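Structure record follows, encoded as structure tokens.
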Amino acid sequence: MADLLITSLRPLIWTSVATVLVSFLGVLWGAAASSSARALAWPLTEDAPRKPQAPRGTRTEAGAPPNGTQPHTDDATDAATDRTRSFVSGSAGGAQPHTGGSAGEGQPYAGGAADRTAAYEVVDGRTRVDLPVVTGGSSAARAADAGDAGDVGDTASTDHAARRMARAVFGVAPVAALVFVLTSLLADKLLNSDDRVHLALYVAAVVFALSAIVTSVVGGLPGADGPVPDAPVALFRRLGPSGIRGLRFAVAASALPVGALLAVARVHTGALHGGDPGYGMILCTLAAGLACGLVAGPRVLRPFSRRRLLGLSSIASALLLAVIAVGLNLVVVVFVAGFLGVAAGMAWASAEAVVTDNPLRVRTGTVLTLVVAAIAAPLAAGAIGGRHVGRDFPGSSAALLITAVIALVAGLIAYRLLDERTGIPLVPDLAAALRGEVYVPPSAAPAAAPRRTRERGVFIVFEGGEGAGKTTQSRLAAIWLREHGYEVVTTREPGATKTGMRLRALLLDRETTGLSSRAETLLYAADRADHVANVIQPALERGAIVVSDRFVDSTLAYQGFGRQQPVEEIAAVNAWGTGGLVPDLTVLLELPPEKGLNRLSSPADRIESEPREFHERVLSGFRALAEAEPDRYLVLDASRPEAEIRREVRDRIRDILPDPVPASTEDATSTFPAITD
Ligand SMILES: Nc1ncnc2c1ncn2[C@@H]1O[C@H](COP(=O)(O)OP(=O)(O)OP(=O)(O)O)[C@@H](O)[C@H]1O
Ligand SMILES: Cc1cn([C@H]2C[C@H](O)[C@@H](COP(=O)(O)O)O2)c(=O)[nH]c1=O
């Protein structure tokens, strides 16, 4: 009976194994082709989108001539439509914050006419714009401003050309599938092979043909529209030397167990009296596990550090192989092989996430390790198996156990090298991630920074992801406050001072490649230190209300949570840079990243073009920060109409407003400007 079952199951198992393997190879090939197409980043193609050119040396911003004599009007319409407004400030002898005027008066963001002239000095009509005075930082917009469309074309067309090349590569796939079908038919006629082999070939051919058709219709794997990758070397450089080494160890730790198991599974099932069906089952669960791990890898534990996940899943792969090695029961081995597949798949998916947008090298490294393990493990099993290490411990088990130990050492090293959240305990970090939250150690709360005491003034900050409406709402709030007699300084980060504008250009230009996360963090902190010293602090000391579009929490959310760097260390650097300045009120405008990014009309800058997962981590980060300091935050759903948000912002600002008229004056004049809608 058992024999009958095994005999009838065997063709099915072989069919499944062959199908899975062939389609797996097809997917690997397709993915590798797509990646190489993108990595090659071909130059301009004839139908690549080009930016319109502006005359050299002129600014494209409406109503702002090159001589800088015309200030911006600060009305709501302007706020809503003009993403490339000027936040000019700074004078030759040190930036001076703008002092707000009376209601309805046109308000440049900061600085007087002399400052603006200084800022525009870099606009050289004969050559090019060296300093992006007015744009949102996108290289495309800046180059268009400068009439230097060649650069723009290069950037825009790289995406386009990469997509076209991906399509060209996938286009030949159906032909390959046809050849495959013909070959299998020919084999059937000439070779008279066993039925199960035919069946496997047909099914595999159909699967391959289907996947080829799908990929050629789709035109590329998901992600082909994402940011243009840099040269592979640059991407690896971005990880830092220890990150690169960590990645190598992690790839080895996760691929060794899979390669070794693939290679010795047949011998092992023989020793466990499982024979061919047992072997087939191990391959099936391993392949299914790998598929689950690869699919689930980028989706599970989203708020958890990908680097940590990579280290942990590599360690798990090694440990699971050890269980397979010592678990001398076929059922256990079959099940654990599935879990090993999940762990290794998650490790590979995380490794690809860690190297941002060029997974090709991860795949090459993985395949190479698989091959090495697949050669070494049977050799070891053969050598040990000949001598029989104990009666119940076959050579295959010993070979698997040795591989597991080597992989475990590699996994532990990888974890150490990759972990960016050093000092943050793993268990609460994991527990928070399971709840869908980012763990913020109590010490990281910016509230921990000593608050700088100030005589007067109010500091209000608008925070949130891209396109959440920060500029719109901060301008509306500023107009309302000015109407009620307050001196208001509206400002933003990065780029509120002359130095800040240079830093903004550097930080947001998509052509700034290979910038390390630490350097990026410090550049934002440098911009902020200059901003506080030259704009915010003087204004607060004068008693003005400062309304800033972004502040420290943006760095904690983007560079801390988004880039997965230690939040508490970033908070410490920023506390030093700002002298411990903390906003009196932070309005967090919450909006799903895709909605916010869809609202933006200009080409995505360097940060905006980060992958969706990055922006989701940023949003979770903002939420975590707001939860840690509920008194300071007003959290609002930014998908609601502007007017509703504006009302709630006003209600909250009313609570923290000082008396606009000093007590002494009030005594003398008995006036009190009531704030009403
Ligand atoms: N509540 C809202 N509902 C719909 N659209 C909005 C809302 N608030 C702002 N917008 C629109 O969304 C776009 C982006 O708004 P805004 O520039 O204020 O966002 P932001 O958060 O400052 O963007 P960025 O991240 O680029 O600084 C603008 O076109 C604006 O008119
Ligand atoms: C202050 C700050 C900003 N960023 C990012 C966030 C945005 O993508 C840009 C700023 O552009 P915006 O149009 O003015 O919003 O910079 C960041 O990553 N870290 C920061 O500290």
Side-chain angles (χ1 to χ4, degrees), residues 76-87 109 132 134-138 141 461-477 490-496 500-501 503-510 512 515 517 519-532 547-563 565 567 570-571 573-574 577-578 587-591 593 595-610 614-615 617-619 621-622 625 636-649:
T77 318
D78 192 21
T81 54
D82 180 13
R83 291 192 67 245
T84 58
R85 75 252 177 229
S86 171
F87 283 79
Y109 264 76
V134 293
T135 70
S138 122
V461 172
F462 284 81
E463 293 282 12
E466 314 296 337
K470 301 175 295 297
T471 313
T472 307
Q473 291 300 334
S474 55
R475 284 191 165 196
L476 290 172
T490 43
T491 182
R492 73 160 173 183
E493 290 191 358
M501 284 188 287
L503 292 173
R504 182 181 174 91
L506 193 69
L507 282 161
L508 301 187
D509 190 341
R510 280 184 69 167
T512 304
L515 183 65
S517 300
E520 181 183 283
T521 308
L522 292 172
L523 288 175
Y524 276 113
D527 165 74
R528 183 163 300 124
D530 202 42
H531 187 202
V532 170
V547 179
S548 180
D549 183 342
R550 300 190 183 277
F551 194 58
V552 174
D553 291 348
S554 273
T555 305
L556 300 181
Y558 281 80
Q559 281 65 50
F561 293 92
R563 298 259 186 249
Q565 299 188 96
V567 179
I570 298 175
V573 168
N574 276 275
T578 61
V587 179
L588 172 60
L589 298 172
E590 274 194 330
L591 192 68
K595 280 196 185 169
L597 289 166
N598 276 341
R599 281 182 181 177
L600 304 181
S601 49
S602 45
D605 62 34
R606 197 177 65 89
I607 305 280
E608 283 164 358
S609 42
E610 284 294 332
F614 172 86
H615 291 287
R617 282 198 299 275
V618 170
L619 181 58
F622 273 129
L625 293 169
L636 296 174
D637 173 2
S639 60
R640 291 179 305 152
E642 264 177 41
E644 259 182 47
I645 300 171
R646 185 190 59 193
R647 258 196 305 281
E648 293 198 24
V649 169

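On a predicted model such as this, the values are computed, not experimentally measured, just so you know. Read the numbers this way: they start at 1 and go in the same order the structure lists the ligands and their atoms. All heavy atoms count here, side chains included; hydrogens, waters and symmetry mates do not.
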- prompt: Hey, which atoms in ligand 1 end up nearer than 4.0 Å to a heavy atom of Ala638?
  reply: 1 (N)

message: Taking the side chain as everything from C-beta on, heavy atoms only, tell me whether Ile645 gets closer than 4.5 Å to Leu589.
response: yes

- prompt: Any N or O on Gly467 sitting closer than 3.5 Å to an N or O of ligand 1?
  reply: yes

Nitrogen or oxygen of Leu600 less than 3.5 angstrom from that of ligand 1: no

With sequence neighbours excluded, residues passing ring pair (Phe, Tyr, Trp, His ring centres under 6.0 Å) with Tyr524: none

- prompt: Mind checking whether Arg599 has an N or O less than 3.5 Å away from an N or O of ligand 1?
  reply: yes

message: What I'd like to find out is whether the side chain of Gln559 reaches to under 4.5 Å of the side chain of Ser517, using heavy atoms alone.
response: no

task: Please list, chain by chain and in numerical order, all residues satisfying salt bridge (Lys or Arg N to Asp or Glu O under 4.0 Å) with Glu520, sequence neighbours excluded.
output: Arg563, Arg606

query: Considering only heavy atoms from C-beta outward, does the side chain of Arg504 approach that of Arg492 to under 4.5 Å?
result: yes

query: Are any of the N/O atoms in Pro641 less than 3.5 Å from those in ligand 1?
result: no

- prompt: Do the non-hydrogen side-chain atoms of Val587 and Phe462 ever get within less than 4.5 Å of each other?
  reply: yes

field: Subset of ligand 1 atoms that lie under 4.0 Å from at least one heavy atom of Glu466
entry: 25 (O)

message: Using a 4.0 Å heavy-atom cut-off, which part of Leu589 comes near ligand 1: side chain, backbone, both, or neither?
response: neither

task: Mark the output for Arg504 as yes if a heavy-atom distance to ligand 2 is under 4.0 Å, and as no if none is.
output: yes

task: Could you establish whether Arg640 and ligand 1 come within less than 4.0 Å of each other, counting only heavy atoms on the residue side?
output: yes

- request: Select one of side chain, backbone, both or neither to describe which atoms of Gln473 lie under 4.0 Å from any atom of ligand 1, heavy atoms only.
  value: neither

Best match, Phe551, Phe614, Tyr524: closest heavy atom to atom 16 (O) of ligand 2: Tyr524

query: Going by heavy atoms in the side chains, are Ser554 and Glu493 under 4.5 Å from each other?
result: no

- request: Would you check if Ser548 and His531 make a side-chain contact, meaning some heavy-atom pair closer than 4.5 Å?
  value: yes

message: As an exercise, identify every atom of ligand 2 less than 4.0 angstrom from a heavy atom of Arg528.
response: 1 (C), 21 (O)

- prompt: Rounded to the nearest 0.5 Å, how far does CZ of Phe551 lie from OG1 of Thr491?
  reply: 10.0 Å

statement: So for Ser601 against ligand 1, with non-hydrogen atoms under 4.0 Å, the contacting part is neither

message: Under a 4.0 angstrom heavy-atom cut-off, which atoms of ligand 1 come close to Ile645?
response: 1 (N)

- prompt: Can you find a heavy atom in the side chain of Leu515 that is under 4.5 Å from one in the side chain of Leu507?
  reply: yes

query: Side chains of Thr521 and Gln565: is there a donor and an acceptor less than 3.5 Å apart?
result: yes

statement: Going by the 4.0 angstrom heavy-atom rule, the piece of Glu520 near ligand 2 is neither

- request: Could you list the atoms of ligand 2 found under 4.0 angstrom from a heavy atom of Ser554?
  value: 1 (C), 2 (C), 19 (N), 20 (C), 21 (O)

query: Counting both backbone and side chain atoms, is some N or O of Gln559 under 3.5 Å from an N or O of ligand 2?
result: yes

- prompt: Should the proximity of Asp549 to ligand 2, defined as any heavy atom under 4.0 Å, be assigned to the side chain, the backbone, both, or neither?
  reply: neither

statement: Going by the 4.0 angstrom heavy-atom rule, the piece of Arg550 near ligand 1 is side chain

- prompt: Would you say the side chain of Ser474 lies within less than 4.5 Å of the side chain of Thr490, judging by non-hydrogen atoms?
  reply: no

- request: Considering the heavy atoms of Thr555, write down every atom of ligand 2 situated less than 4.0 Å from one of them.
  value: 20 (C), 21 (O)

